[in-house]
Amino acid sequence: MAEEGKSPSGTPIPTKGQAGVVPPPCLLVIFGASGDLTKRKLVPALFGLFREGLLPEEFAVLGISRTPFSDDAFRDHLRDGIAGGSQGTFDQSSWDAFAGKIFYQPGDIGDPESAKALGARIRAVSNERGIPGNLVFYASVAPKFFTPLIRRIGEAGLAAPTEDMPGYRRVVIEKPFGHDLESARELSRNVMDVFREDQVYRIDHYLGKETVQNILVFRFANGIFEPLWNRNYIDHVQITVAEDIGVEGRGDYFEEAGVVRDMIQNHLFQLLSNVAMEPPISLAANDIRDEKVKLLRSIEPVSEEDVGHVCVRGQYAAGEVKGQQVPAYRQEKDVSPGSLTETYAAIRFTIDNWRWGGVPFYLRTGKRLGGRMSEIAIKFRPAPFLLFDKTMSGQLVSNYLVLNIQPEEGIFLKFGAKTPGPSICVEPVEFKFTYEQSFGVKSRPAYGRLLLDAMLGDATLFPRDDTVDISWSLLEPFLSRWKENPGRDLFFYPAGAWGPREAEQLLSREGRTWRIP
Ligand code: BG6
């Protein structure tokens with residue numbers, strides 16, 4: 001447990017406001033601030049924190065990018081993102097109060113003059129807002145700029161406290177952290193030349209989702225599930241992150257990435273770690289992160305030759321999603337007409353430890369699938385003796401425990417029950433919990449929680465360097481096989497389907513089926 005008065009990572013908790021924990025004064029410097037992420041996610045999340053009273057009075061955002069905005073033009077640009085977004089009702093007077101904390105500095109961080117000017121502006125904004133020096137840098141730039149940006153922060157003397165700007169320095173780095181193992185290691189070395197590991201916050205926004213945080217609570221705050229959470233009772237686990245959207249104008253990024261890099265290396269491995277790790281000895285950031293690394297290290301590495309047996313990739317062809325005709329991936333903007341990039345992947349992993357030996361974990365994710373749905377489905381072993389099978393009216397009951405990540409947020413357990421009537425008939429029924437019904441609210445945006453934690457110095461929900469390293473290592477044989485032969489293990493599926501037919505065989509040859517959401 002965290003010491004009283006300290007956050008789980010040991011950072012002193014400065015103030016307890018009515019609504020929750022308020023971080024100490026700080027200036028958040030966002031690089032790449034004219035981009036979509038700032039407008040659609042970061043600033044709406046900060047505005048939400050502000051409205052909940054979770055930001056300190058002495059707080060400011062300083063955006064930097066090449067677009068020549070004035071402070072006011074930048075505020076107007078951000079306001080449009082909030083007023084037109086899905087963040088609940090827009091409240092002009094709260095926005096006016098919040099907008100006064102937002103500033104903008106045009107500049108190209110590659111240019112040393114801009115870096116100098118940025119240093120001066122950081123001091124000016126901090127003085128104006130009474131911020132005594134704590135700085136969080138947020139790298140929301142294209143991945144190729146991570147290293148030059150971090151170097152420039154170091155060279156400009158902004159990475160370490162000074163007499164006139166004391167306090168902490170932290171850097172938040174957006175994904176993707178690297179493109180493969182080698183580039184991730186190189187980036188890590190470059191970051192560590194300027195910052196210590198405890199100053200680095202690598203974003204995986206899945207960890208900011210309430211339903212993902214609830215996995216550990218569900219497992220370890222209740223005594224009844226953990227005794228069943230192992231190979232003796234669990235047949236297999238399916239982790240699905242399905243999207244109905246396509247590449248949404250990000251064709252150039254996606255062509256380089258593909259879903260294995262974009263989703264499996266980070267989000268799906270994090271879901272897998274939460275569901276399969278051992279209980280940590282405390283809630284301290286490093287105790288939790290140690291268990292996650294241990295789990296990832298227990299995954300059986302797949303050899304390059306075996307990739308074809310455990311993995312099916314796919315790419316969407318034209319099709320119909322939500323009643324609308326949509327184009328093929330190859331027809332999307334900035335995508336090559338002969339592209340062999342995967343928009344779908346299903347991979348079977350096994351975990352070589354006492355808890356999970358022999359239990360397959362099937363991970364699948366894709367774009368332009370039949371719906372938007374993320375879930376972890378745990379399939380329990382069947383009853384040893386099917387007393388009732390002759391009288392079943394429906395399918396044989398599969399005991400599934402499903403952790404719904406989104407869009408429905410909750411948990412349900414599927415089991416068999418006797419249908420009313422004179423004969424014994426068994427039908428599947430559900431116990432169900434939803435956030436909305438139990439707490440009267442849907443969960444909060446992931447970025448708000450993560451920004452707050454970065455300001456509080458709590459790194460629990462941020463992957464550590466060794467986690468990133470091991471997840472790239474696990475994918476290395478896959479990436480290297482496809483580098484040699486880019487079309488391998490790749491099949492097409494019509495948009496709106498649940499992936500290529502070949503993905504069914506990954507499970508059917510073992511007598512299993514994908515859960516139909
Ligand atoms: C991002 C990926 O990390 O996660 C996107 O880059 C993907 O391609 C997104 O669409 C999915 O996030 P969410 O929260 O909508 O499930």
Side-chain angles (χ1 to χ4, degrees), residues 32 35-38 40-42 44-45 48 85-87 138-143 146 172-179 184 201-215 239-272 274 313-316 321-322 326 329 332-335 339 341-345 363-376 403-409 435 442-451 461-463 467-468 471-472 475 495 517:
D36 230 31
L37 187 79
T38 306
R40 286 197 311 114
K41 301 280 184 194
L42 304 183
S86 56
Q87 314 291 325
Y138 198 114
S140 172
V141 293
F146 286 156
V172 180
I173 302 182
E174 260 302 325
K175 66 177 273 273
F177 198 90
H179 184 71
Y201 292 72
R202 298 170 193 81
I203 287 266
D204 181 324
H205 78 280
Y206 264 60
L207 293 178
K209 293 182 192 274
E210 298 278 5
T211 43
V212 175
Q213 293 165 48
N214 191 43
I215 300 171
I239 302 182
T240 302
V241 176
E243 297 187 275
D244 48 20
I245 55 171
V247 285
E248 306 289 289
R250 295 193 307 155
D252 46 356
Y253 156 74
F254 214 78
E255 277 287 87
E256 294 293 313
V259 285
V260 170
R261 290 185 173 92
D262 185 47
M263 301 292 288
I264 294 194
Q265 182 271 330
N266 36 71
H267 308 324
L268 276 90
F269 274 160
Q270 285 297 332
L271 295 178
L272 172 63
N274 278 5
R313 297 194 296 158
Q315 187 191 93
Y316 60 84
V321 173
K322 293 195 206 147
V326 296
Y329 174 69
E332 302 272 15
K333 185 170 164 280
D334 299 326
V335 170
S339 171
T341 301
E342 82 281 353
T343 59
Y344 171 97
L363 275 49
R364 68 173 160 167
T365 181
K367 299 212 176 270
R368 287 286 191 227
L369 298 184
R372 175 173 185 255
M373 182 279 295
S374 301
E375 65 167 38
I376 300 171
L403 310 177
N404 287 125
I405 308 297
Q406 62 191 26
E408 197 175 3
E409 301 174 316
Y435 268 82
K442 283 207 152 207
S443 72
R444 302 140 61 109
Y447 272 97
R449 169 64 197 265
L450 296 174
L451 285 163
L461 300 177
F462 296 84
T467 314
V468 175
S471 43
W472 279 120
L475 294 176

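Being a predicted model, the structure only gives us computed values, none of them experimental. Start at 1 and go down the list; that is how both ligands and their atoms are numbered.
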Which of the atoms of ligand 1 are close to [X], meaning less than 4.0 Å from one of its heavy atoms?
X: D262; answer: 2 (C), 5 (C), 6 (O), 8 (O)
X: R372; answer: 15 (O)
X: K175; answer: 1 (C), 2 (C), 3 (O), 6 (O)
X: K209; answer: 13 (P), 14 (O), 16 (O)
X: K367; answer: 5 (C), 7 (C), 8 (O), 10 (O)
X: Q406; answer: 13 (P), 16 (O)

Practice problem: May I ask whether F254 has any heavy atom positioned less than 4.0 angstrom from an atom of ligand 1? | Solution: no

Quiz prompt | Any E248 heavy atom less than 4.0 Å to ligand 1 | solution =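 Judged by the 4.0 Å heavy-atom criterion, E248 does not count as contacting ligand 1.
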
Any donor and acceptor pair, going by atom type alone, linking the side chain of [X] with main-chain N or O of [Y] inside 3.5 Å?
X: S471; Y: T467; answer: yes
X: T341; Y: E255; answer: yes
X: T240; Y: A242; answer: no

Self-check item: Full working for side-chain contact (heavy atoms from CB on, under 4.5 Å) between V212 and N274
Solution: CA-CA 8 Å; V212 175; N274 278 5; 3.4 Å; yes

Practice problem: Before signing off on this row, confirm whether R250 and ligand 1 have an N or O atom pair separated by under 3.5 Å. | Solution: yes

Quiz item: For Y253 and ligand 1, does the shortest N/O to N/O distance drop below 3.5 Å?
Solution: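 No, Y253 has no N/O under 3.5 Å of an N/O on ligand 1.
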
Practice problem: Compute both the distance and the angle, then confirm whether R202 meets the cation-pi test with F462: under 6.0 Å from the six-membered ring centre, within 45 degrees of the axis. | Solution: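 Not flagged: R202 not positioned over aromatic ring of F462.
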
Quiz item: Under the side-chain hydrogen bond (donor to acceptor under 3.5 Å, both in side chains) criterion, do Q213 and Y206 qualify, and how do the steps go?
Solution: CA-CA 9 Å; Q213 293 165 48; Y206 264 60; over 6 Å; no

In terms of residue, atom name and distance, what is the protein heavy atom nearest to [atom]?
atom: atom 3 (O) of ligand 1; result: H267 NE2, 2.7 Å
atom: atom 10 (O) of ligand 1; result: E243 OE2, 2.6 Å
atom: atom 16 (O) of ligand 1; result: Y206 OH, 2.5 Å
atom: atom 4 (O) of ligand 1; result: H205 CE1, 3.3 Å

Self-check item: Stepwise salt bridge (Lys or Arg N to Asp or Glu O under 4.0 Å) check, E243 with K367
Solution: CA-CA 5 Å; E243 297 187 275; K367 299 212 176 270; 2.7 Å; yes

Quiz item: Is it the side chain, the backbone, both or neither of M373 that has a heavy atom closer than 4.0 Å to ligand 1?
Solution: neither

Self-check item: Audit row: Y435, E408, side-chain hydrogen bond (donor to acceptor under 3.5 Å, both in side chains) steps and yes/no
Solution: CA-CA 8 Å; Y435 268 82; E408 197 175 3; over 6 Å; no

Self-check item: Partner of K175 by side-chain contact (heavy atoms from CB on, under 4.5 Å), out of V468, D204, D262, I203
Solution: D262

Quiz item: What class does the angle between the rings of H205 and Y447 fall in, given that below 30° is parallel, 30 to 60° is tilted and above 60° is perpendicular?
Solution: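 Parallel.
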
